[in-house]
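This report refers to the structure that appears directly beneath it.
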Amino acid sequence: MNLVLRIGLGVAWLLSCASAPADESWSQWGGPNRDHKSQATGLKQSWPIEGPQLAWKFADAGVGYSSISIAAGKGYTLGTIDDKNYAICLDVATGSQLWRTELSPAVPSSIYNQNWAGGPRSSPTVVGQRVIVLDDGGTLASLDASSGQVEWTVNLKSDFGGKVPVWGYSE
């Protein structure tokens, strides 16, 4: 199973099992306080041997290492699909894709000094109605959280004279 999908489902499952307020968000890498700790309470203390029931599955996130950020009932992630980097928004209740916005051409995996695949390596950050994303090629963009429309974009390599790090741009 794709790493993005596994992390996303894990976070979505954790949040759905808690009796925390519905508006609690995991809107950035590491959660609300960037300490990887949920303030949710009421988690189950034991599980059936077969584990929890799968609520939904999303198999079209592409490749990459982005985790999922959750805010206002939506999950945001990044992935490389057909040689292009995308920001993706899902409905966390159903797993259905709400929008997918193209960010940039994918960085060829051969550019990395390792044997792993390419793809985005950072997690979206949700601030109000904006989703801030950074892909592995250095495209930094602000997207409208509801529609995915690009509000602004810059590239750390071409606009500021940077170079793609050994592992790609990540946060």
Side-chain angles (χ1 to χ4, degrees), residues 1-15 24-38 58-90 92 95 97-171:
M1 184 184 296
N2 181 303
L3 180 62
V4 171
L5 175 63
R6 284 187 287 179
I7 292 170
L9 289 177
V11 172
W13 167 79
L14 177 63
L15 293 176
E24 181 178 333
S25 295
W26 197 270
S27 60
Q28 61 186 343
W29 183 81
N33 301 312
R34 292 188 179 196
D35 60 2
H36 302 279
K37 295 178 184 176
S38 173
F58 183 76
D60 298 322
V63 297
Y65 301 91
S66 177
S67 64
I68 193 165
S69 297
I70 299 173
K74 296 176 182 170
Y76 304 92
T77 193
L78 301 169
T80 297
I81 303 166
D82 297 328
D83 298 324
K84 294 179 183 174
N85 288 328
Y86 290 91
I88 301 166
C89 176
L90 305 175
V92 297
Q97 181 176 293
L98 299 175
W99 53 258
R100 182 171 83 176
T101 299
E102 183 180 332
L103 299 172
S104 65
V107 174
S109 59
S110 61
I111 200 167
Y112 299 117
N113 187 19
Q114 38 74 20
N115 293 322
W116 296 356
R121 287 142 157 71
S122 60
S123 303
T125 297
V126 184
V127 181
Q129 277 300 109
R130 287 190 170 149
V131 180
I132 309 299
V133 296
L134 174 66
D135 71 17
D136 57 326
T139 297
L140 178 67
S142 174
L143 311 174
D144 177 78
S146 296
S147 67
Q149 181 175 344
V150 176
E151 296 175 335
W152 56 260
T153 184
V154 296
N155 186 278
L156 302 178
K157 182 179 175 187
S158 60
D159 294 335
F160 297 105
K163 70 176 197 170
V164 177
V166 172
W167 296 101
Y169 283 99
S170 56
E171 56 174 301

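The distance from atom OG of Ser122 to atom CG of Asp135, rounded to the nearest 0.5 Å, is 7.5 Å. Here the CG atom belonging to Leu156 is positioned 6.0 Å from the CG atom belonging to Leu134, to the nearest 0.5 angstrom. Interatomic distance, CH2 of Trp99 versus SG of Cys89, reported as 5.0 Å (0.5 Å rounding). Note that the CD1 atom of Ile132 and the CD atom of Glu151 stand 7.5 Å from one another [nearest 0.5 Å].
For the pair Thr125/Ser69, no side-chain contact is recorded, criterion being any heavy-atom separation below 4.5 Å from C-beta on. In this structure, Asn155 and Thr153 have side chains that are not in contact, with every pair of non-hydrogen atoms separated by 4.5 Å or more. Taking 4.5 Å as the limit, some side-chain heavy atom of Thr101 sits within range of a side-chain heavy atom of Val150. Residues Lys74 and Leu98 have side chains in contact (heavy-atom distance under 4.5 Å, counting atoms from C-beta outward).
Panel note: side chain Ser142, backbone Arg130; no donor-acceptor pair is recorded below 3.5 Å. One N or O on the side chain of Thr77 and one on the backbone of Ser67 form a donor-acceptor pair closer than 3.5 Å. When atom types are taken as modelled, the side chain of Ser123 and the backbone of Ile68 share no donor-acceptor pair closer than 3.5 angstrom. Counting only distance, with no hydrogens or angles, the side chain of Tyr76 and the backbone of Ala145 share a donor-acceptor pair below 3.5 Å. For the pair Ser104 (side chain) and Thr139 (backbone), a donor-acceptor distance under 3.5 Å is absent.
For the pair Arg100 and Tyr86, the distance from NZ or CZ to the six-membered ring centre is under 6.0 Å and the angle to the ring normal is within 45 degrees.
When the options Asn85, Val164, Leu78 are evaluated for a side-chain contact (heavy atoms from CB on, under 4.5 Å) with Asp136, the one that passes is Asn85.
Heavy atoms of other residues, nucleotides or ligands lying less than 6.0 angstrom from CD of Gln149 number 12 at most.
When every heavy atom of Lys157 is checked against every heavy atom of Tyr169, the shortest pair comes out as N-OH, 4.0 Å.
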